[in-house]
Protein chains: 2
Amino acid sequence: MDAYNYIKEAIIHGKFEPGMRLAEETLAKELNLSRTPIREAIKQLEAEGLVVPLKRGVGVRNFTKEDIKEIYDLRSLLESYAAGQAAINRTEEDLIELQTANELYDKVIHDNSLRDLTSIQAIVHTNSRFHEAIVSSAKNKHLYFHISKVVVVPMVFRSFYWYTDFQLQQSLEVHKIIFEAIKNKEPERARIAMHEHIFQGRDNVLKHLDDIKISHLFKEEAK
Amino acid sequence: MDAYNYIKEAIIHGKFEPGMRLAEETLAKELNLSRTPIREAIKQLEAEGLVVPLKRGVGVRNFTKEDIKEIYDLRSLLESYAAGQAAINRTEEDLIELQTANELYDKVIHDNSLRDLTSIQAIVHTNSRFHEAIVSSAKNKHLYFHISKVVVVPMVFRSFYWYTDFQLQQSLEVHKIIFEAIKNKEPERARIAMHEHIFQGRDNVLKHLDDIKISHLFKEEAK
DNA sequence: ATTTATTTCTTTGTATACAATAAGTCAATA
DNA sequence: TATTGACTTATTGTATACAAAGAAATAAAT
């Protein structure tokens, strides 16, 4: 794997915790590279806002509760718009991928009755696939580009989130409503459903921000 | 100036034309630096989508008509939301900056009756200040971050756009409506006015995409 | 004369080297 | 014991070096 994706994944999966300094030499050894390509990967992550400059070098960005709120507001704006546009612009191929992704999501949720880390990751992954299919159906590459950057931050938290059966069932239901709306070309219904859906996710994350499982990811206002 | 801003400005002002290869050695000499910091600046611009990778190295991104349409759709979504949020969250200080920016915009338009390049740049600059003040008043740092990236692309084109007196007058009127809506805390009015305003700008740019003045910036589907 | 093959040359990608600066350590003084 | 100050160490930021991969140019062949 290249340096960029290695570091990004490590941040998302919590291997590199918020606030942690990213030492170039260490990363270079871990990846059997020199410092040069490491520095370039870091510059990209900096441009995306996942890492922040320190006095010298960079550290993993520390997202506050306020950040999470703002990001979910932004994400709901972008993705609900995407859902609306998908209902207008989706092709038949899009519909097939949407259907497939949703069936997979359904299957993964019901096949993994015990909620261990691997299950959670599978659920998060198939959920992402459905959302990505929607954004892709909207037929706006720039929208896609920006959503993919916005979505990363919630990922950092969701990877450690313990969903309840009820939440997953509810999420699945809404997915089906969104799918139907896109299939039947009802942009307004798709948009509203997606908006509700993401705000539901936002509420879940915010309610559990103090949970033991993710508390290590969340350090309020470290200076 | 640092390498990042130097290259960015050069792209916006058309010194580096779309499709043009960015040779590291050349840039390094221009800025009296070694290749290392140049490469890092380029990586950042790549993450923002202003330059694209070639088989080897990078080139200035070539935006198509389709890109412009998509970007204006995205921008109108984001900025109209920002205007709405500004009408809710603006402080008294925000209001002062908003007022100042708008008065300056008015002044610059009327003081520069002959529309030479310097005047256009002054107009674009004061217009940006007003828009930035709105986004800032929305009190969402992540929204601000993404808008600032989205806005850059239209900048590439607007720097070379010859506005008519009518268009400027109209633009000024809408600015005043938006300002009033934000002042009076009318989010819906602010949102709609901003949406119209940006779609007006979009139409202006699209209508004139084939003009001689900007044709060198616009090369359809170069592969 | 045009196309293909081979060689040369330029430019990138990665590694290493060196200098500058922040951070860490230890000792001395209050 | 706490705090300040000088010294040492570690890590960054920039420059340079070298090897590999395209691009350009020249030569050969049909």
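- Relative to the ring axis of B:Y6, B:K8 does not place its NZ or CZ within 45° and under 6.0 Å from the centre.
- Rounded to whole angstrom, the span from the NZ atom of B:K43 across to the C1' atom of C:dT14 amounts to 12 Å.
- Between A:V58 and B:R56, the one whose closest nucleotide on DNA chain D sits nearer the 5' end is A:V58.
- The phosphate of C:dA15 (OP1 or OP2) has a side-chain N or O of A:S34 nearer than 4.0 angstrom.
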ring-ring contact (aromatic ring centres under 6.0 Å, His included) between B:H175 and B:F179, intermediate numbers included: CA-CA 6 Å; B:H175 273 212; B:F179 171 73; over 10 Å; no

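- Between the CG atom of B:L27 and the P atom of C:dT12 there is a distance of 9 Å, given to the nearest Å.
- Remark: P of D:dA15 and CD of B:E40 are 11 Å apart, rounded to the nearest angstrom.
- The separation between B:E25 atom CD and C:dC9 atom P is 18 Å, rounded to whole Å.
- Of the residues near DNA chain C, A:N32 and B:A23, the one whose nearest nucleotide (by heavy atom distance) lies more toward the 5' end is B:A23.
- B:L54 comes within 4.0 angstrom of no nucleic acid atom, judged by non-hydrogen atoms across all strands.
- For B:K15 and B:E30, the salt-bridge test passes: some basic side-chain N is under 4.0 Å from an acidic carboxylate O.
- Between the P atom of D:dG13 and the CG atom of A:L22 lies a distance of 12 Å, rounded to the nearest Å.
- A:I42 comes within contact range of no nucleotide atom at all, as no heavy-atom separation falls under 4.0 Å.
- Checking C:dA15, D:dG13, C:dT12 against every side-chain atom of A:T36, the shortest atom distance belongs to C:dA15.
- In this structure, B:M20 atom CE and C:dT11 atom P are separated by 13 Å, rounded to whole Å.
- If you take CG of B:L31 and P of D:dT14, they are 12 Å apart, rounded to a whole angstrom.
- Sequence order on DNA chain C of the closest nucleotides to A:K55 and A:P37 puts A:P37 first from the 5' end.
- Pairing each heavy atom of B:E132 with each of B:Y144, the nearest pair is OE2-OH, 2.7 Å.
- The pair A:E92-A:R90 counts as a salt bridge, with a side-chain nitrogen and a carboxylate oxygen less than 4.0 angstrom apart.
- Atom CZ in A:R21 sits roughly 12 Å away from atom C1' in C:dT21 (whole-Å rounding).
- Of the listed nucleotides (D:dT14, C:dA15, C:dT11), D:dT14 has the atom at the smallest distance from the side chain of A:R39.
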